[in-house]
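Keep in mind that the numbers below use all heavy atoms, side chains included, and drop hydrogens, waters and symmetry copies. Given the structure is predicted, the values throughout are model-derived calculations rather than measurements. As the structure lists them, so they are numbered: ligands from 1, and atoms in each ligand from 1.
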Amino acid sequence: MIEILTNTYQLWEPPLDGNPDRQVELDMGCGKGRFTLALAERYPERLILGSDVMIGRLRRLEAKVKRSGLSNVRLLRAESLTLAAFQLSPQSLDRLHLLCPDPWPKRRHRVRRLVCTDFLCRLPRILKPGGALHLSTDHELYFADWLELFDKMPHFHAAPEAMADIVDVKTDFELQWNAEGKIVQHLCFRLQ
Ligand SMILES: C[S@@+](CC[C@H](N)C(=O)[O-])C[C@H]1O[C@@H](n2cnc3c(N)ncnc32)[C@H](O)[C@@H]1O
C-alpha cells in the first residue's frame, strides 16, 4: 500500500477504480495519520492519500489502515515539494490538507518552510479547478506569514466553507498542541 516516490522522477496517478468522478484528497505530511484515517472513515467512497518522508511513520500508519479494514487509503513516501512539482499527476486532487507543517521557528531555518511562493505556485498543477487547500498551524508567526502570502496569490481565494465538514477532525499534532493549551489556527482556500 506504500508507494515509494522519494528520489524518483516517477509520475504517480491516483487509482480511481473506474470512477473518473471519484474524489481524491491528500493529507500531506500525514505523520502518524490520525487525520488520514478519520477522513477515510468519514468518506469511504473517496480516495484518501497520506504522504510523508518518514517511512517508519508510514509503516505504522499502514498497519493501522490494515487493522481498520479501510480500502480507500494509499500512502506515499514522498517529499512534499517534489510531489507537488512533478510526481503527482496533473489536476488529481479535490482537496489538499497541509496540517501542522514544521514551522522552522529559527530565523536561519526559515528557508526550509514548505509554505512559500514556490510551493503555492505549484499547487494549481495538482489541484483540480476549484480544488481546495486546507492549512493549519499553532505557530503564530508562520500563520501571520501565510496571511500575507495568500494576499499576494491571486489564484487562491478564501473558502472557509471548504473545510466546514472536517472542523471536528484533529491531527495528532493538533491534539498535542491543544493539550498544552496552544491554539491551532486553520485556513482554507480554493483555486480560482
Ligand atoms: C509536525 S509533523 C505534522 C504531522 C501531522 N500532519 C499532524 O498534524 O499530526 C510534520 C510532518 O511532515 C513531515 N515532513 C516534514 N518535511 C517534509 C517534507 N519535506 N516532505 C514530506 N514530509 C515532510 C514530517 O515527517 C512529519 O511527519
Side-chain angles (χ1 to χ4, degrees), residues 1-12 14 24-42 48-65 68 73-88 92-93 95-106 108-123 125-127 132-143 145-146 149 163 166-189:
M1 181 201 303
I2 301 178
E3 307 275 347
I4 309 281
L5 304 182
T6 313
N7 299 329
T8 74
Y9 287 94
Q10 187 182 346
L11 181 70
W12 189 80
V24 182
E25 304 202 31
L26 168 62
D27 182 11
M28 185 178 256
C30 60
K32 294 181 189 169
R34 187 178 190 278
F35 184 85
T36 318
L37 285 172
L39 203 57
E41 272 166 21
R42 185 162 295 187
I48 307 301
L49 310 175
S51 69
D52 209 287
V53 276
M54 304 287 277
I55 190 69
R57 285 185 189 168
L58 290 173
R59 293 231 186 278
R60 285 190 286 278
L61 176 54
E62 181 183 40
K64 288 183 205 166
V65 173
S68 71
V73 179
R74 295 287 180 284
L75 302 176
L76 308 172
R77 187 193 184 196
E79 195 282 316
S80 298
L81 184 60
T82 315
L83 194 58
F86 56 82
Q87 289 174 329
L88 257 189
S92 50
L93 301 179
R95 190 159 61 171
L96 169 59
H97 307 272
L98 183 60
L99 305 177
C100 300
D102 296 321
W104 296 108
K106 288 187 183 156
R108 68 178 185 280
H109 290 156
R110 281 208 195 140
V111 289
R112 300 181 190 174
R113 286 178 171 177
L114 181 60
V115 182
C116 63
T117 45
D118 185 18
F119 175 69
L120 295 181
C121 286
R122 291 167 193 270
L123 297 186
R125 194 190 73 75
I126 56 170
L127 283 171
L133 169 65
H134 168 209
L135 308 106
S136 71
T137 184
D138 71 300
H139 196 272
E140 282 181 28
L141 295 177
Y142 203 12
F143 186 77
D145 283 351
W146 291 357
L149 196 53
M163 62 174 176
I166 37 119
V167 285
D168 58 315
V169 185
K170 300 200 176 198
T171 68
D172 296 282
F173 266 75
E174 180 161 3
L175 282 180
Q176 188 182 317
W177 297 141
N178 288 165
E180 292 176 19
K182 294 182 191 165
I183 293 168
V184 173
Q185 302 196 77
H186 290 250
L187 284 174
C188 197
F189 299 88

Classify the ring geometry of Tyr142 against His139: parallel below 30°, tilted from 30° to 60°, perpendicular beyond 60°.
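Tyr142 and His139: perpendicular rings.
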Side chain Arg77, main chain Val53, donor-acceptor under 3.5 Å:
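Yes, the answer is positive, given that a donor and an acceptor are paired below the 3.5 Å cut-off.
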Could you give the side-chain donor-acceptor pairs of residues 24-39 under 3.5 Å, partners two or more places apart or in another chain?
unit_1	atom_1	unit_2	atom_2	d
Glu25	OE1	Arg95	NE	2.8
Glu25	OE1	Arg95	NH2	3.1
Glu25	OE1	His97	NE2	2.6
Glu25	OE2	Arg46	NH1	2.5
Glu25	OE2	Arg95	NH2	3.1
Asp27	OD2	Thr36	N	3.3
Asp27	OD2	Thr36	OG1	2.7
Arg34	NH1	Lys170	O	2.6

Heavy atoms under 4.0 Å from ligand 1: which residues qualify?
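Heavy-atom contacts below 4.0 Å: Gly29, Cys30, Gly31, Asp52, Val53, Met54, Arg57, Ala78, Glu79, Ser80, Leu99, Cys100, Asp102, Thr171, Asp172, Phe173.
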Presence of salt bridge, Arg42 and Asp168, under 4.0 angstrom
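So Asp168 pairs with Arg42 through a salt bridge.
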Please examine the side chains of Phe189 and Leu135, heavy atoms only from C-beta on, and report whether any two atoms are closer than 4.5 Å.
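The answer is yes, as the side chains (C-beta and beyond) meet within the 4.5 Å cut-off.
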At their closest point, which heavy atom of Leu98 faces which heavy atom of Val115, and how far apart are they?
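Heavy atoms only, the tightest pair is CD2-CG2, 3.6 Å.
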